[in-house]
Amino acid sequence: MAQVRAAVGTGGGGAAGRVYLGLLRIGAIAVPLDTNYSPSQVATIMRASGARLIVCGTRLLPVAASAALDVPVVRMYRGDGDTRPSVDD
């Protein structure tokens, strides 16, 4: 069975750790994305890795959206019910 790959661009911190642990728990492979990547760099990594999902904070969100990929982009929040911007702002 092929494992699901999810790209993660969060800028680090405790919330990023929770994302990585959550992916491990469901048996997914995390593909790290630098929050300074350009849309073409994100697209290249997504194609090369086979990642089918992007989990990111607000800094990478517009880049991920403009990479013109046909994958879901999930915006990460603080994780404590707080809807303020994520930790990478």
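Taken from CE in M46 to CG in L33, the straight-line distance is 7.0 Å, to the nearest 0.5 Å. Taken from CG in D34 to CZ in R59, the straight-line distance is 9.0 Å, to the nearest 0.5 Å. In this structure, L21 CG and I26 CD1 are separated by 12.0 Å, a value rounded to the nearest 0.5 Å.
Annotation: side chain of V42 is in contact with side chain of L69 (closest heavy-atom distance under 4.5 Å). Looking only at side-chain heavy atoms (C-beta outward), P32 and V8 stay at 4.5 Å or farther from each other.
Here the shortest heavy-atom pairing between A7 and A51 reads N-CB, 3.8 Å. Summarising the geometry of A64 relative to I54, their closest heavy-atom pair is CB-CD1, 3.9 Å, with the distance given to 0.1 Å. Between A43 and A67, the closest heavy-atom pair is CB-O, 4.0 Å. A6 and L23 get closest at one heavy-atom pair: CB-CD2, 3.9 Å. Residue G9 comes nearest to L60 through the heavy atom pair CA-CD2, 3.7 Å, listed as atom of the first residue, atom of the second, then distance.
In this structure, L53 is a member of the same hydrophobic cluster as Y20, with clusters built from ILVMFWY side-chain heavy atoms closer than 4.5 Å. In this structure, V55 is not a member of the same hydrophobic cluster as I29, with clusters built from ILVMFWY side-chain heavy atoms closer than 4.5 Å. Hydrophobic clustering, with ILVMFWY side chains joined whenever heavy atoms are under 4.5 angstrom apart, keeps L24 apart from V4.
A donor-acceptor pair shorter than 3.5 Å cannot be found between the side chains of R5 and S49.
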